[in-house]
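For reference, the structure is listed below as structure tokens.
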Amino acid sequence: MAGEALADAPLEPNVWLTIATDGTITIVSPAAEMGQGSFTTLPLIIAEELDADWAKVTSQYAPPIPKIYGNYHPLFQGAMLTAASVSTPGYWMSMRMGGAQARRVLLDNVARQWSVPVEELTTEPSVVVHAKSGRRIAYGDVVKFATVPAEPPQITEADLKKPAQFRLIGRKDIPRVDVPSKVDGSAKYGIDVRMPGMLYASVLEAPYDGAKATQVNTEDALKIPGVKQVLPLPFGVAVLGDTVNATRKGRAALKVKWDGAGSPNAAFDSEKAQQEYARHARDPNAKAMTWFEKGDAPKALAGAAKKMEAEYSSVHCYHAQMEPMNCVARVAADGQSAEVWTGTQSTALAAFVASSVLKTTPDKIRVHQHLLGGGYGRRIWPDAVAQAVVLANITKEPVKLILTREDDLTAARPRPMTFHAMKAGFDDSGNLVAWRHRLVAENVDAVAAPPRFKATGGKDIIGWRGLEQPFYGVPNMLADAVREERGVRVHAWRGIGAGYNKFASESFLDEIAHATDKDPLALRLELTKDHPRANAVIKAVAEMADWKKPRGKDRALGIAFSDYHESFSAGIAEVSLDRKSGKIRVHHYWIAGDAGIIVQPENAHAQLEGAVVYGLGSALSEELTYKDGAVQQTNFHQYQVTRMSDMPEIHTRVIVTDNAPTGLGELGVPTVAPAIGNAVFKLTGKRLRQLPMSPQRVSESLKA
């Protein structure tokens, strides 16, 4: 009987997968699935090197153990985090190695069982083949006699498949595994979790960090049928009850007076701060840190035959994820362990924060990962997890926390507000010889990644991304940043710093082109002539849009280029303008992207399209304003995301190369705003200098 039980046991050749005797292969995915396709893409990488039959593959989330499942991309250095478009590049090599290693375990076992040299064995999808004898054996049958060696087989890059040998990677007919459940309604998000005896919680969020509830009409909320408790806490006032409806009514009945004494952002006013940012950008004595440098830009500017200057800015942006923040938590009676059910971009951070609340260790926290109804960076920070665990620890009952959209906006962790001072210098022949870009903004790393902020001496890896210009052939370049400290809970946002930094730089480059009588496309091609991949995406998008074709007097094209985490994209927008209302209409948007080897081609097109949609909102309408430290917008009637009626036709081209995969999920965002702004300039002769390019701002620009 023991032998039979052993024979029926699955084989676990390494931490990445198990193989059952029926041939089912279960692969763990260390990244969150928030619509970007990682739950398909990452297992597909392992399945490729394992030479698995994809029809026999299932996926499950990896447990939050960074030492085993951490992402060793240079940005994360072992952190278990889904962000910055680096899941595929970060796990590309380790998961390929894991798949190849597991395949070698199978081959070694068959070689031993059949007494043949392992070199004579090959594989077909989920089958080991010995061509000399004609024998074949399915992976599931190998499991029945296989053992895992004490020392895993040593695999090198030379043992991995060449791109021409791929059976799964790059195929267009492999759909995403998460889509069917989303279509038939069986998909389970964090907000769908229910447990017996569960209390519901709603939280009137504190308007800013450090605000304390000093006066709360607890009695009025407790009169609502179904409301059980009202708890003033450091993060807000929580209402707990038997139903969602009860907690919502209880929350609505609350009248709270907040005390912001001592809070750094109690008096924050975003409109006034924008003026102060501008002064700091113009101040030559402002304390700035260098981010990117080539040659000697200050010297080249001082000696330039001609100079240009320009300024750009952007406002705060809310993530606007469709699923508001939520979490279910259950804490053990002794308060030393817990389970949480949520959709998070970092199960490891969720476990760490939950353990910190309980003053225990992360291994005592079990995190049940679910699909994310939109992440975009917002679901990195586990504030909902922390709040739910606090409440479950107080009540010793399972608690389901769901923020209202209003509270989700109050608790926003927005993209920073920014100001940009641009300078350029030209020689006697009109050639661009000097470039300077100064950014003024709050530091995202200081809030979202304090250890890295400290380790880099105060640099902002998240917020300064995109200031660098490594692919434009300007001999002297300098990009630096001035840090503002306003107390706003700024955070990573889809496209991170490139979203606003490329708006400034690509708009300024367009100004340079027009000032020097050069075609904006021709100038970009000239500046990228020494970088074939950058040059190729620019040529590709120009071909897609038929750049030189006349558009008539009512429409115009604008172009922009961006690199992003070693990927390349170029976008062209075709726009018209309602001069009475100031509303910009984008009719077509063309985008070409190169992210190296593409694991899932159809998904790559979808990600570019989705990123363009996201970029349209921040370019044209999305605006978060602050007064007295608090967000002024309360719901989508005030915070205007892109509507279906605003959608252009989006045309994508994915350029596939044999380069290792690079970032893709955010690649479409950075070019959108500058391409639109550059098109509006071509149409009107007016330069739009602030995001979003709302009808009000456009109207003001036309009058200027």
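In this structure, a donor-acceptor pair under 3.5 Å is present between the side chains of Tyr564 and Glu666. Side chain to side chain, Thr26 and Thr58 meet the donor-acceptor criterion of an N or O pair below 3.5 Å. In this structure, a donor-acceptor pair under 3.5 Å is absent between the side chains of Glu12 and Thr18. Of the N and O atoms on the side chains of Asn603 and Arg176, at least one donor lies less than 3.5 Å from an acceptor on the other residue.
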* To do: Given side chain to side chain donor-acceptor pair (under 3.5 Å), test Thr662 with His565 step by step and report yes or no.
  => CA-CA 7 Å; Thr662 46; His565 291 321; over 6 Å; no
* Asked: Given the rule in the ring pair (Phe, Tyr, Trp, His ring centres under 6.0 Å) test, do Tyr189 and His370 qualify, once you have shown the distances and angles that lead to the verdict?
  -> CA-CA 5 Å; Tyr189 294 83; His370 289 275; 9.0 Å; no
* To do: Report the C-alpha distance between Tyr472 and Phe561 in whole Å, list the side-chain angles of each, state the deciding distance to 0.1 Å, and finish with yes or no for ring pair (Phe, Tyr, Trp, His ring centres under 6.0 Å).
  => CA-CA 10 Å; Tyr472 280 153; Phe561 161 77; 5.7 Å; yes
* To do: Take Lys132 and Glu120, measure what salt bridge (Lys or Arg N to Asp or Glu O under 4.0 Å) needs, and give me the verdict at the end.
  => CA-CA 8 Å; Lys132 280 189 176 182; Glu120 292 183 2; 3.1 Å; yes
* Stepwise salt bridge (Lys or Arg N to Asp or Glu O under 4.0 Å) test for Lys502 and Asp563 -> CA-CA 9 Å; Lys502 293 303 182 185; Asp563 61 291; 3.3 Å; yes
* Decide salt bridge (Lys or Arg N to Asp or Glu O under 4.0 Å) for Arg378 and Asp383; before the verdict, give the C-alpha distance in whole Å, the side-chain angles of both, and the deciding distance to 0.1 Å. => CA-CA 10 Å; Arg378 176 61 183 96; Asp383 46 323; 2.7 Å; yes
* To do: Take Thr82 and Gln345 through the side chain to side chain donor-acceptor pair (under 3.5 Å) test and state the conclusion after the steps.
  => CA-CA 5 Å; Thr82 307; Gln345 289 178 243; over 6 Å; no
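Leu358 places a side-chain heavy atom less than 4.5 Å from the side chain of Ile365. Taking 4.5 Å as the limit, every side-chain heavy atom of Asn109 sits out of range of all side-chain heavy atoms of Leu11. Annotation: side chain of Asn71 is not in contact with side chain of Met80 (no heavy-atom distance under 4.5 Å). Residues Asp51 and Lys161 are in side-chain contact: their nearest non-hydrogen atoms beyond the backbone lie under 4.5 Å apart. Here the side chains of Arg330 and Met195 are in contact, with some heavy-atom distance below 4.5 Å. With contacts defined as side-chain heavy-atom distances shorter than 4.5 Å, the pair Ile597/Ile169 qualifies. Side chains of Asn326 and Leu401 form no contact here, defined as non-hydrogen atoms less than 4.5 Å apart. Taking the side chain as every heavy atom from C-beta outward, Thr147 and Arg112 approach each other to under 4.5 Å.
Within a 6.0 Å sphere centred on NZ of Lys172, heavy atoms belonging to other residues, nucleotides or ligands number 12 at most. The environment of Phe292 atom CZ is dense: over 12 non-hydrogen atoms of other residues, nucleotides or ligands sit within 6.0 angstrom.
Aromatic ring pairs are classed by plane angle as parallel below 30°, tilted from 30° to 60° and perpendicular above 60°; the pair Trp341 and His368 is parallel.
Taking the centre of each ring, Trp16 and Tyr69 come in below the 6.0 Å mark. A distance below 6.0 Å separates the ring centres of Phe568 and Phe471.
In this structure, Arg135 satisfies the cation-pi test against Trp114, with its NZ or CZ atom closer than 6.0 Å to the six-membered ring centre and inside 45 degrees of the ring normal. In this structure, Arg494 is not positioned above the aromatic face of Tyr376 in the sense of NZ or CZ being under 6.0 Å from the six-membered ring centre and within 45° of the axis.
Nearest heavy-atom pair across Val57 and Ala52 is CG2-CB, 4.1 Å.
Taken to the nearest 0.5 Å, the CH2 atom of Trp590 stands 13.0 Å off from the CD atom of Glu543. Atom OG in Ser38 sits 7.0 Å away from atom OH in Tyr61 (nearest 0.5 Å). Taken to the nearest 0.5 Å, the CH2 atom of Trp291 stands 8.0 Å off from the OG1 atom of Thr456. Here the straight-line distance linking atom NZ of Lys188 with atom CG of Leu371 works out to 11.0 Å at 0.5 Å rounding. One finds the CD1 atom of Ile591 at 9.0 Å from the CD1 atom of Ile650 (value rounded to the nearest 0.5 Å). Here the CZ atom belonging to Arg533 is positioned 13.0 Å from the OG1 atom belonging to Thr528, to the nearest 0.5 angstrom.
Lys294 pairs by the side-chain hydrogen bond (donor to acceptor under 3.5 Å, both in side chains) definition with nothing, not counting sequence neighbours. Contacts of Trp493 classified as side-chain hydrogen bond (donor to acceptor under 3.5 Å, both in side chains), with partners at least two apart in sequence or in another chain: none.
With hydrogens and angles disregarded, a donor-acceptor distance shorter than 3.5 Å links the side chain of Asp460 to the backbone of Asp445.
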